[in-house]
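Working notes for the structure below.
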Amino acid sequence: MARSNDEVAALFQEYADLISLTGGDAFRARAHEKAARSIGGYHADVATLDVQGLQEIPDVGRSVAEKIVEYLRDGRVAAVEELRARVPPGVRRLTAVPTLGPRKARVLHEELGISSVEELADAVRAERLRDLRGFGPKTEENILHGIELLRSAGDRVLLDVAADLAEDIVGRLAEVSGCSRCACAGSLRRVRETIGDIDVLAAAEDSAPLMRAFTELPYVTEVIAHGTTKTSVRTTEGLAVDLRVVPPESWGAALQYFTGSRAHNIRLRERAVHLGLKLSEYGLFDAETGSRIASRTEEDVYAGLGLPWIPPPLREDRGEIEAGLAGTLPRPVTEADLRGDLHTHTDLTDGLAPLQEMVAAAADRGYAYYAVTDHGPALSMQRMTDERMLDQRARLRALDGRYGRRRGGLRLLHGAELNIDPDGGVDWPEDFLAGFDLCVASVHSHFRQDRAALTRRLVRACEHPCVDIIGHPTTRLIGKRPGIDVDLDAVFEACARTGTVLEINARPERLDLRDEDILRARRYGVRFAVNSDAHSTRHLATLRFGIGTAQRGWLTAGDVVNTWPLTRLRRHLARGRPKRRPDSR
DNA sequence: GCCGTTTTCGGCCCGACTGTTTTCAGTCG
């Protein structure tokens with residue numbers, strides 16, 4: 001379940017929103033927002049800190065520290081409750097509609113009494129927004145479009161939210177007496193990018209103790225269905241969770257069945273029928289005699305169908321069964337294959353942790369190498385200068401090889417995340433860029449250029465001799481912003497031609513490239529990098545979601561450059577680059 | 001509400017874009 005830090009961060013983010021929505025001081029709102037972000041990214045658990053220790057967290061002063069203590073002690077904060085009483089929860093939800101911020105939401109609530117997304121949609125259609133100052137026909141259009149985007153995300157949650165909850169549930173249920181196995185199945189096990197409901201599977205002779213423990217979980221708010229083989233609940237976050245309990249001898253068949261996907265299972269059952277067998281969640285049986293052929297492990301079930309075990313992220317009926325039969329199933333890249341992270345930030349730009357903390361955390365993860373890639377000066381929200389970047393490089397060189405248990409220590413690469421401007425140009429002239437070990441280049445604005453312009457823009461970036469990796473290539477934000485309208489095939493072709501690597505950005509709200517695009521890109525012979533884009537030490541671990549996405553794209557370790565040894569990686573980065581000038585560090 | 005080689009008050013990232021205005025407010029990154 002969420003750490004105290006995440007809970008507290010969510011609380012202050014809500015408080016900040018409520019301050020804005022009630023017309024409070026904008027700087028006060030911003031201060032709480034900064035505190036929330038800082039707390040969320042802080043390495044130590046706030047529950048272990050006192051008021052003084054809490055104030056060590058950047059952007060946390062006396063007032064916030066005391067509120068944290070109040071929250072951890074009472075489970076509530078009076079100041080937050082006071083504002084909650086004034087703003088219906090639906091009003092806060094309005095700001096989730098893209099292009100609708102706190103000021104407009106406040107006007108809608110105060111002038112028209114709108115307090116939910118549904119009421120907003122009705123009001124727009126009834127043309128009730130027309131008379132409001134600052135609301136024109138284009139605003140109406142944007143709001144309707146935003147609502148549509150919001151709805152297309154549905155009630156699904158991002159992977160990290162679902163994974164945290166599911167792992168907590170599995171951990172607790174595994175402790176229940178009589179439970180022999182427990183694991184999550186469903187789309188979470190297949191690492192789909194969003195999760196609609198969580199499927200948990202357990203094996204036990206007697207299901208009653210598990211079902212009881214499940215309904216008594218602290219964050220369960222509603223029991224939707226309660227039986228001996230299946231129980232469904234809803235959690236405080238509105239997520240539906242199903243628990244199914246099967247006899248231990250059916251474990252493998254049940255895990256296979258409940259992992260899906262539906263399309264994959266249909267294909268398997270068809271194959272079973274073809275072989276004179278019958279496949280269900282209880283096992284693989286002889287269709288005539290009904291005798292059990294396999295059910296204890298997934299491997300047994302697949303073997304009974306003449307197939308190798310298929311990794312869950314591949315189970316989408318996208319050719320995995322044919323590949324399994326032909327013996328050409330790829331061995332997907334795993335987290336253990338990764339030797340480093342090639343896109344990360346520090347507090348030099350918009351990261352939360354100083355260089356040394358990020359490096360130490362990377363070393364703890366056992367990496368062989370690690371790249372620091374803060375933003376260049378083109379992003380106006382940053383304050384980057386040549387001097388600050390070179391100073392960071394000197395500090396990074398001093399830390400090179402000094403961390404980690406590996407021989408030679410953790411090797412550090414100095415990089416930058418460049419901004420791809422509307423014409424496809426990037427920050428800094430070539431001679432300055434040549435001083436970096438690697439450059440990530442990404443689109444951060446002007447998302448609405450037409451397809452031709454966007455395609456030219458990305459292809460030009462690929463062709464730049466110093467651009468090694470295209471960061472979050474489509475810039476989509478799941479449920480918030482669609483990807484840019486770009487001819488990806490042209491980009492893939494350019495990447496393959498120039499050796500430019502495509503990023504699989506592992507942040508749960510991005511997962512960019514996404515699996516379908518990866519499947520296409522790999523046909524062009526493109527290489528990939530699975531990167532965390534970490535802005536705090538805690539983000540480093542999100543790499544697992546990027547790996548899941550890479551697996552869904554059928555990538556092997558060889559396709560992913562940050563599984564390569566450093567010498568091979570360096571050789572690849574050096575291709576086509578201008579020679580460094582002798583004076584560049 | 002936080003912070004400090006502008007330090008206990010007076011700033012707070014800031015520029016681009018969009019849409020609604022006719023000089024600016026809101027949103028976003």
Side-chain angles (χ1 to χ4, degrees), chain A residues 8 11-13 15-39 42 51 54-68 70 77 79-80 83 94-108 124 129-146 149 345 347-352 374-385 387-388 391 417-423 427 442-449 471-472 475-477 480-482 484 505 507 509-510 512 533 535:
Chain A
V8 170
L11 182 80
F12 284 114
Q13 180 60 55
Y15 190 46
D17 291 347
L18 292 174
I19 291 169
S20 304
L21 285 168
T22 50
D25 176 41
F27 290 115
R28 225 178 119 239
R30 179 139 170 72
H32 284 97
E33 208 165 86
K34 280 163 76 176
R37 209 168 101 83
S38 211
I39 292 161
Y42 198 61
V51 170
L54 289 167
Q55 285 180 256
E56 304 264 305
I57 304 174
D59 304 313
V60 173
R62 172 153 291 272
S63 164
V64 168
E66 282 172 352
K67 286 192 179 72
I68 297 174
E70 182 186 352
V77 175
V80 179
L83 288 188
L94 291 181
T95 61
V97 176
T99 73
L100 199 57
R103 304 301 290 262
K104 284 206 171 86
R106 180 173 170 228
V107 170
L108 291 169
V124 176
L129 272 53
R130 293 280 162 93
D131 301 331
L132 291 179
R133 190 181 165 73
F135 288 77
K138 198 71 190 156
T139 305
E140 291 184 341
E141 196 183 303
N142 287 341
I143 287 176
L144 284 180
H145 179 66
L149 261 178
H345 296 271
D347 62 359
L348 180 63
T349 54
D350 59 348
L352 293 164
D374 275 312
H375 290 286
L379 271 197
S380 50
M381 62 172 163
Q382 313 302 344
R383 301 165 171 164
M384 182 53 67
T385 61
E387 292 68 33
R388 286 161 64 99
D391 170 66
E417 183 183 10
L418 309 174
N419 180 54
I420 304 176
D421 72 25
D423 296 323
D427 323 46
S442 326
V443 168
H444 296 100
S445 62
H446 301 85
F447 305 121
R448 293 208 200 169
Q449 284 180 305
H472 44 76
T475 76
R476 69 148 176 185
L477 290 176
K480 292 197 176 134
R481 184 173 73 206
I484 51 176
N505 189 296
R507 299 180 60 151
E509 67 273 30
R510 289 198 187 270
D512 183 10
D533 192 4
H535 284 64

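Since the structure is predicted, the reported quantities are computational estimates derived from the model, not experimental observations. A, B, ... follow the sequence lines: proteins, then strands. Residue 1 opens every chain.
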Sugar-phosphate, base or nothing in reach of A:R106, heavy atoms under 4.0 Å: nothing
Sugar-phosphate only, base, or nothing, as touched by A:R30 at under 4.0 Å among non-hydrogen atoms: base
Short side-chain N/O contact from A:K67 to OP1 or OP2 of B:dG1, under 4.0 Å: yes
Whole-angstrom distance between B:dC13 and B:dG4, as gauged at atom P: 13 Å
Sugar-phosphate, base or nothing in reach of A:T99, heavy atoms under 4.0 Å: sugar-phosphate
Sugar-phosphate, base or nothing in reach of A:R28, heavy atoms under 4.0 Å: base
Nearest to side-chain heavy atoms of A:H446, which nucleotide of B:dG19, B:dG1, B:dA16: B:dA16
Whole-Å distance separating the CZ atom of A:R476 from the C1' atom of B:dG29: 18 Å
A:P137 side-chain proximity, nearest of B:dT20, B:dT27, B:dG1: B:dT20
Of the listed nucleotides B:dG26, B:dG29, B:dG19, the one nearest the side chain of A:K138: B:dG19
Sidechain N-carboxylate O distance under 4.0 Å for A:R62, A:E66: yes
Euclidean distance, atom CG of residue A:L132 to atom C1' of B:dA25 [Å, nearest integer]: 15 Å
Between B:dT27 (P) and A:R448 (CZ): distance, integer Å: 15 Å
Nucleotide of B:dG29, B:dT20, B:dG26 approaching A:T139 most closely (side-chain heavy atoms): B:dT20
Contact under 4.0 Å: A:N142 side-chain N or O vs B:dG19 OP1/OP2: yes
Closest to the A:F27 side chain, choosing from B:dG1, B:dG26, B:dG29: B:dG1
